[in-house]
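Below, read A as the first sequence line, B as the second, and so on, with proteins coming before strands; counting in each chain starts at 1.
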Amino acid sequence: MSDKKVRVRFAPSPTGGLHLGGVRTVLFNYLFAKKHKGDFILRIEDTDQNRYVEGAETYILDCLQWCGLIPDESPVVSGPFAPYRQSERKAIYREYAERLVMQGHAYYAFDTPEELEQNRKEIPNFQYGQVYRMGLRNSLSLTEHEVDQLLDAKTPHVIRIKMPADERVSFNDMIRGHVSFETNQVDDKVLLKADGMPTYHLAVVVDDYLMKISHAFRGEEWLPSAPVHLLLWEYLGWKADMPQWAHLPLILKPDGHGKLSKRDGARLGFPVYAMNWFDARTGELTPGFRELGFLPEAFLNLLATLGWNDGTDQEIFTLDELIEKFSLERVSKAGAKFDFEKAKWFNAEWIKKVKGERLKEKVKTILEDKGISVADEDYLLKVINKVKDRCVLLPDFYQQAAYFFEQPKEYDINSVKPKWTDAKTEFFNLLVDKLSAEKAWDAAGLEITFKALAEDKAIKVGELMLPLRIMLVGGKFGPHVFDIAELIGKVETIKRIQKALELFNS
RNA sequence: GGCCCGUUCGUCUAGGGGUUAGGACGUUAGAUUUUCAUUCUAGAAACAGGGGUUCGAUUCCCCUACGGGCUACCA
């Protein structure tokens with residue numbers, strides 16, 4: 001690695017929500033940058049007017065915010081290489097494209113999209129390149145005079161790279177090692193579109209150069225266009241400054257085949273986007289990990305271990321640990337199928353690991369959204385610490401915590417009724433008296449009182465525990481019953497027993 | 001079709017010329033929990049196939065198969 005400052009960039013196009021794979025690319029960029037005390041830049045690649053979606057850029061920003069992966073330079077924080085939106089850099093690219101034309105490494109092409117479409121249909125394996133370009137309308141096949149005329153008449157045209165014949169371009173990928181391509185196999189990619197906007201190919205090279213990017217991470221789907229980019233770096237005379245590349249393995253569908261897509265999430269019932277994405281045009285809402293109840297720590301953790309490991313058995317990592325331990329040599333080459341079950345496991349682990357305090361605001365919101373008012377935050381914290389080990393997703397806190405704040409709405413009566421007896425009614429009536437007289441109100445003391453009375457009445461404790469649970473909780477779940485009684489307090493405990501007693505006896 | 005990349009339990013993966021091929025999720029069985037979950041213990045479960053190289057290959061090489069990606073004036 002050279003001694004130049006590490007600068008990496010995440011360069012999404014604002015066309016919709018941020019996909020799992022996108023966030024993982026951000027993560028790896030971020031980890032690499034922070035590990036090497038470098039800069040992490042966010043650059044918006046909005047060169048396609050047609051696919052631009054309102055709100056997508058804000059979404060990306062919010063998403064990075066949620067994950068805690070904050071860029072050092074971006075359209076909003078700015079920096080020495082602004083602007084960071086390619087649409088605002090439009091004028092820059094033309095100059096370089098023209099330069100390539102002058103040097104003979106690129107040329108004007110006047111073919112209409114329809115003509116090309118026609119060719120692709122009629123000629124098997126049609127490629128705009130070596131074989132066919134002289135038969136098409138461009139500044140290579142036309143005379144200088146004809147070209148000037150077309151240009152003067154403002155004929156719509158693009159600029160294409162002229163792929164050289166019979167060359168082998170190769171480079172060293174940080175993940176894959178040596179990769180090489182035959183130039184004859186690559187077509188003359190469009191560099192500058194008819195609307196004057198650059199394509200990704202030109203823009204990424206120009207901006208990576210201008211923004212002094214040292215290492216470039218992107219998905220494996222970009223590997224086939226690497227030779228184009230490589231040649232561009234060379235032709236523009238920047239080869240010495242070319243970033244080192246790393247093509248990340250893809251995240252695949254859990255079942256069938258192919259890249260994981262938004263559709264798969266809907267089909268298989270799990271999120272694919274980081275956060276909810278609402279498409280104003282279609283009115284469609286695509287669910288996200290955040291809203292489903294994932295902690296950002298867990299989300300990042302599961303993404304990090306999808307294609308990377310530290311060589312030990314450790315699976316749970318904090319962001320700081322990831323920064324410390326991350327290394328590209330340990331990124332795997334093969335694509336990984338996404339496993340939502342394991343994703344949930346990561347979240348459960350993080351809910352257990354994290355301090356109750358960290359969960360307070362989130363749980364409060366969940367409860368309040370369900371109409372439960374949370375006045376006492378210390379009490380909430382106690383409740384959270386009692387039940388957090390039983391929650392996989394944040395919304396699970398509703399079921400696990402609601403009964404600490406209000407009487408059960410529903411009772412699992414069927415678990416009690418068949419074995420209900422008058423003796424039990426008598427027991428609980430006596431219990432109410434005993435509890436009323438209880439001085440100290442703590443779980444251990446309550447349990448002693450309860451068991452003593454049971455023995456006195458000659459009823460098996462086991463016969464009484466479940467009814468008491470149903471009385472306090474409403475169902476067969478939750479922590480130790482006496483812990484619950486202690487927390488909800490004397491008055492509430494007695495109230496619930498009395499109310500349930502009426503229900504059981506009606 | 002062409003080009004490129006890849007291939008260890010169902011899934012994520014560790015390992016690496018000589019190992020009882022390790023871990024995790026999930027799954028199965030059991031223990032603990034007078035509920036449920038947690039936790040704990042145990043079990044089933046993998047080197048795609050064929051050729052080389054080698055004393056020895058799952059590991060290195062080649063081929064095949066399979067999987068994936070790209071093949072737009074999209075990124």
Original post:
For A:Ala194, which contact category applies under a 4.0 Å heavy-atom criterion: base, sugar-phosphate, or nothing?
Top reply: base
Subject >> For B:G67, the Watson-Crick or wobble partner whose two distances fall under 3.5 Å >> reply: B:C5
**OP:** Quick one: label A:Ser180 by what it contacts on the DNA or RNA (base, sugar-phosphate, nothing), any heavy atom closer than 4.0 Å.
**Re:** sugar-phosphate
Subject >> Distance in angstrom units between A:Asp173 CG and B:G6 P, rounded >> reply: 9 Å
**OP:** Determine the contact category for A:Gly307: base if any of its heavy atoms lies under 4.0 Å from a base atom, sugar-phosphate if only primed atoms, P, OP1 or OP2 are that close, otherwise nothing.
**Re:** sugar-phosphate
Original post:
So what does A:Thr47 touch, heavy atoms closer than 4.0 Å: a base, only the sugar-phosphate, or nothing?
Top reply: sugar-phosphate
**OP:** Choose from B:U71, B:U35, B:A14 the nucleotide whose nearest atom is closest to any side-chain atom of A:Arg330.
**Re:** B:A14
Original post:
Can you tell me if A:Arg330 and A:Asn309 form a side-chain donor-acceptor pair at under 3.5 Å?
Top reply: yes
Original post:
Tell me: CG of A:Asp310 to P of B:A24, nearest whole Å?
Top reply: 15 Å
Original post:
Quick one: which of B:A75, B:G26, B:C4 gets closest to the side chain of A:Lys193?
Top reply: B:A75
Original post:
Roughly, in whole Å, what's the span from CG in A:Leu446 to C1' in B:U34?
Top reply: 16 Å
Original post:
Using a cut-off of 4.0 Å on non-hydrogen atoms, how would the nucleic acid contact of A:Val190 be classed: base, sugar-phosphate, or nothing?
Top reply: sugar-phosphate
Subject >> Nearest listed nucleotide, side chain of A:Lys333, among B:U71, B:C25, B:G6 >> reply: B:G6
**OP:** Would you kindly compare A:Leu252 and A:Gln185 by the position of their nearest RNA chain B nucleotide and give the one closer to the 5′ end?
**Re:** A:Gln185
Original post:
Do the charged groups of A:Glu349 and A:Lys353 touch, with an N to O distance under 4.0 Å?
Top reply: no
Original post:
Base, sugar-phosphate, or nothing: which does A:Asp111 touch, judged by heavy atoms less than 4.0 Å apart?
Top reply: base
Subject >> Atom-to-atom span, OH of A:Tyr128 to P of B:C3 - whole angstrom >> reply: 24 Å
Original post:
Are A:Asp208 and A:Arg43 within salt-bridge range, i.e. N to O under 4.0 Å?
Top reply: yes
**OP:** Look at the side chain of A:Asp313 and decide which nucleotide, out of B:G23, B:A14, B:U71, has an atom nearest to it.
**Re:** B:G23
Original post:
Looking for any heavy atom pair under 4.0 Å, which part of the strands does A:Ser225 touch: base, sugar-phosphate only, or nothing?
Top reply: nothing
**OP:** Between B:U34, B:A75, B:A14, spot the one nearest the side chain of A:Trp222, thanks.
**Re:** B:A75
Subject >> A:His229 and A:Tyr200: CA distance, side-chain angles, deciding distance, ring-ring contact (aromatic ring centres under 6.0 Å, His included) verdict >> reply: CA-CA 10 Å; A:His229 307 155; A:Tyr200 171 82; 5.7 Å; yes
Original post:
Which is true for A:Arg51 with a 4.0 Å heavy-atom rule: it touches a base, it touches only sugar-phosphate, or it touches nothing?
Top reply: base
Subject >> Inter-nucleotide C1' distance (B:C4, B:G43), Å rounded >> reply: 43 Å
Original post:
Where the side chain of A:Lys337 is defined as all heavy atoms beyond and including C-beta, which of B:A75, B:A72, B:U11 is the nearest nucleotide?
Top reply: B:U11
**OP:** Test the A:Lys417-A:Trp420 pair against the cation-pi criterion, namely NZ or CZ under 6.0 angstrom from the six-membered ring centroid and within 45° of the ring axis.
**Re:** no
Subject >> Salt bridge flag under 4.0 Å for residues A:Lys386 and A:Glu486 >> reply: no
Original post:
Do A:Arg24 and A:Phe28 meet the cation-pi criteria used here (NZ or CZ under 6.0 Å from the six-membered ring centre, within 45° of the axis)?
Top reply: yes
Original post:
How is A:His480 classified with respect to the nucleic acid when contacts are heavy atoms under 4.0 Å: base, sugar-phosphate, or nothing?
Top reply: base
Subject >> P-based separation of B:C61 from B:U27 [nearest Å] >> reply: 39 Å
Original post:
In whole angstroms, how far is the C1' atom of B:U11 from the CZ atom of A:Phe340?
Top reply: 15 Å
**OP:** Could you work out which one of B:A72, B:U34, B:U11 sits closest to the side chain of A:Lys451?
**Re:** B:U34
**OP:** Would you classify A:Asn125 as touching base, sugar-phosphate or nothing, given that sugar-phosphate means primed atoms plus P, OP1 and OP2, and contacts are heavy atoms under 4.0 Å?
**Re:** base
Subject >> Nearest listed nucleotide, side chain of A:Leu223, among B:U35, B:G69, B:C4 >> reply: B:C4
Original post:
Given B:A24, B:A75, B:G6, which nucleotide is nearest the side-chain atoms of A:Arg176?
Top reply: B:G6
Original post:
Parallel, tilted or perpendicular: which describes the rings of A:Phe504 and A:Tyr411, with under 30° parallel and over 60° perpendicular?
Top reply: perpendicular
**OP:** Describe the nucleic acid contact of A:Pro156 in one word from base, sugar-phosphate, nothing, applying a heavy-atom distance below 4.0 Å.
**Re:** nothing
**OP:** Select base, sugar-phosphate, or nothing to describe what A:Lys344 touches, counting heavy atoms under 4.0 Å on all strands.
**Re:** nothing
**OP:** With RNA chain B as reference, determine whether A:Lys460 or A:Ala334 sits nearer its 5' end, using the nearest nucleotide of each.
**Re:** A:Ala334
**OP:** To the nearest Å, give me how far apart CZ (A:Phe338) and C1' (B:C25) are.
**Re:** 12 Å
**OP:** Rounded off to whole Å, could you give me the CG-to-C1' distance for the A:Asn309 and B:G23 pair?
**Re:** 10 Å
Original post:
Would you say the side chain of A:Lys342 and the base of B:A24 hold a donor-acceptor pair, judged only by whether the two atoms sit under 3.5 Å apart?
Top reply: yes
**OP:** Measure from OH on A:Tyr52 to P on B:C74 and round the result to the nearest Å.
**Re:** 17 Å
Original post:
Out of B:G69, B:C5, B:A24, which has the shortest distance to the side chain of A:Glu220?
Top reply: B:C5
**OP:** Tell me the partner of B:C25, counting only Watson-Crick (N1-N3 plus N6-O4 or O6-N4) or G-U wobble (N1-O2 and O6-N3) with both under 3.5 Å; none if nothing fits.
**Re:** B:G10
Original post:
For B:A57, what is the paired nucleotide under Watson-Crick or G-U wobble rules, both distances under 3.5 Å?
Top reply: none
